[in-house]
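One structure is given below, encoded as structure tokens.
In what follows, chains carry the letters A, B, and so on, assigned in the order in which the sequence lines appear, proteins first and then strands, with residues in each chain numbered from 1.
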2 protein chains.
Amino acid sequence: MSTPDRLIEATQDLLWERGYTGTSPKAIQRAAGAGQGSMYHHFTGKSDLALAAISRTAQEMRETAGRLLDGPGTPRERITAYLLREREVLRGCPVGRLTMDPDVIADDALRAPLDATLEWLRERIATLLQEGLDNGEFAPGTAPGPVAATIVATVQGGYVLARASGSSTAFDSAVDGLLSLLAAPARTA
Amino acid sequence: MSTPDRLIEATQDLLWERGYTGTSPKAIQRAAGAGQGSMYHHFTGKSDLALAAISRTAQEMRETAGRLLDGPGTPRERITAYLLREREVLRGCPVGRLTMDPDVIADDALRAPLDATLEWLRERIATLLQEGLDNGEFAPGTAPGPVAATIVATVQGGYVLARASGSSTAFDSAVDGLLSLLAAPARTA
DNA sequence: GTCTATACTCCGATAGAC
DNA sequence: GTCTATCGGAGTATAGAC
């Protein structure tokens, strides 16, 4: 792999693990097996490299989620598959994690990929909810936009609960609760 | 106020804003108006001071949430009041935020107050859900434990969405969606 | 209790040789 | 492209005077 690619991947890993403030150029160089001069030859500095890493992470997250949300099954089944997919829960979300970093939030260029990714996810799920409403899979009156936000928030917050407790159980519990709330509408109507 | 108190309060603010890694002893001293020697006289170091600050923040959060969850109204009304309470959404949750800090999560003493607080909140809400089930305010079949986890996760995740977008709208939307799901007519026969 | 002095390392970057 | 040298500042303390 090329040196820039190794630098970007190392930065992705470190940003996920330690955040922007907690990630130093030196640590990136060590992880990538690249020297100081090499890193500053390919990137103008830490923030430039972080932008490349965050953009790539955001893209990868879209692909991962998209495979399930655009996959086989009914709208409800796809949302369920997304919620129940295998996750390294205790590592947290590589995108959502960065929203707690003030230096990332303060920089519009770094924040943009985070916003775009979570917004894309919310929209994609809202569309599925609408399709599920149309085919009777969800309770009439379900508001796709807000409920999609709830779904994304539950996942993001599930990571918080899991990391606080040191166990993925809390994440699973939050998802279970959400799925039960989304359960099939009464057949009586 | 005493010097230790000023140091603790300054640390609380900085941990909320910048996290553990992003908070330096020097910044704490500046914010507290205390000197180097003074800080190290009252606390053994950064982590000791952080423990005091985190414990106090956790206690304050319990009191704030408790005032609404133990307040007037039916169980459903109290949960709703908790979800709709005024928040400085873009600042995030001073407790949840720290779960993304690897140095906090790696230290059981620092992690314990986070876990205890979120666990307390989840339990308190689960109890209210059970009471609401008993008086018919929630759909039969609602599982108090998991749904309580969903409620707490939605709030924590709402902060993530809001900070990503730079607006509190996404938080409000996630809460709206959650309230609508909790208000849905009985779907389990 | 608080102050200043000191120590050693890392941070984030630039400069210039090869 | 990559290396080494260098830089001013910040991080996280410890020591000892007052």
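- Atom CD of B/Gln29 is separated from atom P of D/dT14 by 13 Å (rounded to the nearest Å).
- A straight line from CG of B/Leu49 to C1' of D/dG11 spans 15 Å, rounded to a whole angstrom.
- Here the side chain of B/Ser24 is nearest to one of C/dT2, D/dG11, C/dT14, namely D/dG11.
- Across all strands, B/Thr21 comes closer than 4.0 Å to no nucleic acid atom at all (heavy-atom distances).
- Note on B/Gly37: a base of the nucleic acid sits closer than 4.0 angstrom, heavy atoms only.
- A donor-acceptor pair under 3.5 Å links the side-chain atoms of B/Ser2 to the main chain of B/Asp5, judged by distance alone.
- Candidate nucleotides C/dA13, D/dA13, D/dG11 were compared by shortest atom distance to the side chain of B/Lys26, and D/dG11 ranks first.
- Between B/Arg6 and A/Tyr20, the residue anchored nearer the 5' end of DNA chain C, judged by the nucleotide with its closest heavy atom, is B/Arg6.
- Remark: A/Asp115 does not engage B/Arg163 in a salt bridge, criterion side-chain N to carboxylate O under 4.0 Å.
- Going from atom NE2 of B/His41 over to atom P of D/dA17 covers 17 Å, rounded to whole Å.
- The side chain to side chain donor-acceptor pair (under 3.5 Å) check on B/Arg122 picks up B/Glu119, with sequence neighbours excluded.
- One atom, CZ of B/Arg30, and another, C1' of D/dA10, lie 10 Å apart when rounded to the nearest Å.
- Between the P atom of D/dG1 and the CZ atom of A/Phe43 lies a distance of 13 Å, rounded to the nearest Å.
- Between D/dT2, D/dA13, C/dG12, one nucleotide has an atom nearer to the side chain of A/Lys46 than all others, and that is C/dG12.
- Taking the side chain of B/Thr3 as heavy atoms from C-beta on, and the options C/dT2, D/dT2, D/dA13, the nearest nucleotide is C/dT2.
- Rounded to whole Å, the distance from CG on A/Leu7 to C1' on D/dG1 is 12 Å.
- Each of A/Thr44 and A/Ala27 lies near DNA chain C, and the nucleotide nearest A/Ala27 is the one positioned closer to the 5' end.
- Rounded to whole Å, the distance from OH on B/Tyr40 to C1' on C/dT2 is 15 Å.
- Side-chain nitrogen and oxygen atoms of B/Ser38 include none within less than 4.0 Å of the OP1 or OP2 phosphate oxygen of C/dC3.
- Taking the centre and axis of the six-membered ring of B/Trp16, the NZ or CZ atom of B/Arg97 falls outside the cone set by 45° and 6.0 Å.
- Picking from D/dT12, D/dT2, C/dG12 the nucleotide with the shortest atom distance to the side chain of A/Gln36 gives C/dG12.
- At a threshold of 4.0 Å, the pair A/Asp101-B/Arg18 does not count as salt-bridged, since none of the basic side-chain nitrogens sits closer than that to a carboxylate oxygen.
- For D/dT2, the OP1/OP2 oxygens have a side-chain nitrogen or oxygen of A/His42 closer than 4.0 Å.
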